[in-house]
Undergrad: 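Can you read through this structure? Questions will come right after.
To find a chain, count down the sequence lines: A is the first, B the second, and so on, and within it residues start at 1. These numbers come from a predicted model, not from an experiment.
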Number of protein chains: 2
Amino acid sequence: MSRIPLHPTREQIELPMVLDCLSDPIRLAIVYQLAQQERVSSELRCGDFSGLGAKSNLAYHFAKLRECGLTQTRIVGTSRMTRLRREDLEARFPGLLDAVIKSAAKDADRLQLLPECEVVDVG
Amino acid sequence: MSRIPLHPTREQIELPMVLDCLSDPIRLAIVYQLAQQERVSSELRCGDFSGLGAKSNLAYHFAKLRECGLTQTRIVGTSRMTRLRREDLEARFPGLLDAVIKSAAKDADRLQLLPECEVVDVG
DNA sequence: TCCGATGTTCAATGTTTATTGAACTATTGA
DNA sequence: TCAATAGTTCAATAAACATTGAACATCGGA
């Protein structure tokens, strides 16, 4: 396991990479879930998304999200807690993330944003 | 040549396809140019973008833009006039296109939005 | 100190993608 | 009718991408 997950700095976040990252249905679902959850808790574990695919596939997608600057990941015990980099994204691309999340919400039934599994029950 | 370019209906426009389409630097440059030009003329010819690549490659990218619902193309003589589907996009994904275009404008120097060629001189 | 849980990394696979040049089609104007 | 122009289609190629299972690493708790 790489001990320290690598993140781009705010200025290193690139528009095409962010758009490409968001264009994958699984990654869009992850971002959407993270956004939905924000009022309750800003972070989620990777394992909370096991309904979206195999472990190794999710690790791949989480790495992409992290490397393009959409998410921040920190290690807590054996888990990885991931949250959206809202402030950095808003600074670089004002209004973009909100527009994407609202668009995803509008199409929540077409996009498979909520697979069979229910995500979390936070105390 | 396909005589009638095919376009998705407004409702057929899908978020992941739009984001994927916008994530390619060449297509982003095309969309950006179309947006910049809108005050002068809402349409541009494919040939106006010859600085962005070979003819056949541009035809490929223009087809992608059209098929995902970002642009509308009509035939005028031997030319194809292309414009952004602003109203349809705004109806489906409010604020999204504007956010992308403004973000691209902010990063205009990183992204190669303006290749060697100057685009158009409209009467 | 070992077990179970959580994720990562690797290799392999099949798919999609972008790019190119050549051949082709359609239209305009001489 | 012919040539020039605008753009499409095709085949080929190389690169990137998503997906899987197996093996591995790390940490917390019994």
Undergrad: Is there a donor-acceptor pair closer than 3.5 Å between any side-chain N or O of H7(B) and the backbone N or O of G69(B)?
TA: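 Side chain of H7(B) to backbone of G69(B): no pair is present.
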Undergrad: Supply the members, apart from V76(A), of the Ile/Leu/Val/Met/Phe/Trp/Tyr cluster built from side-chain contacts under 4.5 Å; use none for a lone residue.
TA: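 Direct or chained contacts put V76(A) with M81(A).
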Undergrad: In whole angstrom, what separates R66(A)'s CZ from dG7(C)'s P?
TA: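 Result: 13 Å.
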Undergrad: For R74(B) and dG7(D), give me the distance from atom CZ to atom C1', rounded to whole Å.
TA: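 Atom CZ in R74(B) sits about 16 Å away from atom C1' in dG7(D).
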Undergrad: To the nearest Å, how far apart are L28(A) CG and dC17(D) P?
TA: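 That distance rounds to 18 Å.
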Undergrad: Using the test side chain to side chain contact (heavy atoms under 4.5 Å, CB included), find all partners of A91(A) that sit at least two apart in sequence or belong to another chain.
TA: R10(A)
Undergrad: Output yes when D24(A) and K64(A) qualify as a salt bridge under the 4.0 Å nitrogen-oxygen rule, no when they do not.
TA: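 Salt bridge between D24(A) and K64(A), a charged N being under 4.0 Å from a carboxylate O: no.
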Undergrad: Can you tell me the distance, in whole Å, between the CZ atom of F62(A) and the C1' atom of dT8(C)?
TA: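 Value for this atom pair: 13 Å.
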Undergrad: Given atom CG of L65(A) and atom P of dT8(C), what is their separation to the nearest angstrom?
TA: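 So the CG-P distance, L65(A) to dT8(C), works out to 12 Å.
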Undergrad: Using the test ring pair (Phe, Tyr, Trp, His ring centres under 6.0 Å), find all partners of Y60(A) that sit at least two apart in sequence or belong to another chain.
TA: none
Undergrad: In whole Å, I'd like the distance from the CD1 atom of I30(B) to the P atom of dG7(D).
TA: 12 Å
Undergrad: For dA6(D), take OP1 and OP2 only and decide whether either is under 4.0 Å from a side-chain N or O of R80(B).
TA: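 Checking dA6(D) against R80(B), no side-chain N or O comes under 4.0 Å of OP1 or OP2.
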Undergrad: Nearest whole angstrom, please: distance from the P of dT8(D) to the CZ of R45(B).
TA: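 To the nearest whole Å, that distance equals 12 Å.
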Undergrad: One character per nucleotide, please: for nucleotides 18-24 of chain D, 5' to 3', B when the base has a protein heavy atom closer than 4.0 Å, S when only the sugar-phosphate does, - otherwise.
TA: BBBBB--
Undergrad: Which residues pass the side chain to side chain donor-acceptor pair (under 3.5 Å) test with S103(B), sequence neighbours left out?
TA: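 S103(B): no side chain to side chain donor-acceptor pair (under 3.5 Å) contacts found.
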Undergrad: I want to confirm an ordering. Mapping M81(B) and V76(A) to their closest nucleotides on DNA chain D, which one lands closer to the 5' end?
TA: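 Taking each residue's closest nucleotide, the earlier one in sequence belongs to M81(B).
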Undergrad: To the side chain of T78(B), which of dT8(C), dA6(D), dT8(D) is closest?
TA: dA6(D)
Undergrad: Donor-acceptor pairs are to be reported for all side-chain atoms of residues 12-21 of chain B against protein atoms at under 3.5 Å, with residues two or more places apart or in another chain.
TA:
from, atom 1, to, atom 2, distance (Å)
Q12(B), OE1, T9(B), N, 2.9
E14(B), OE2, R110(A), NH1, 3.3

Undergrad: Could you state the atom-to-atom distance from CZ of F49(A) to C1' of dT6(C) in whole Å?
TA: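 Result: 15 Å.
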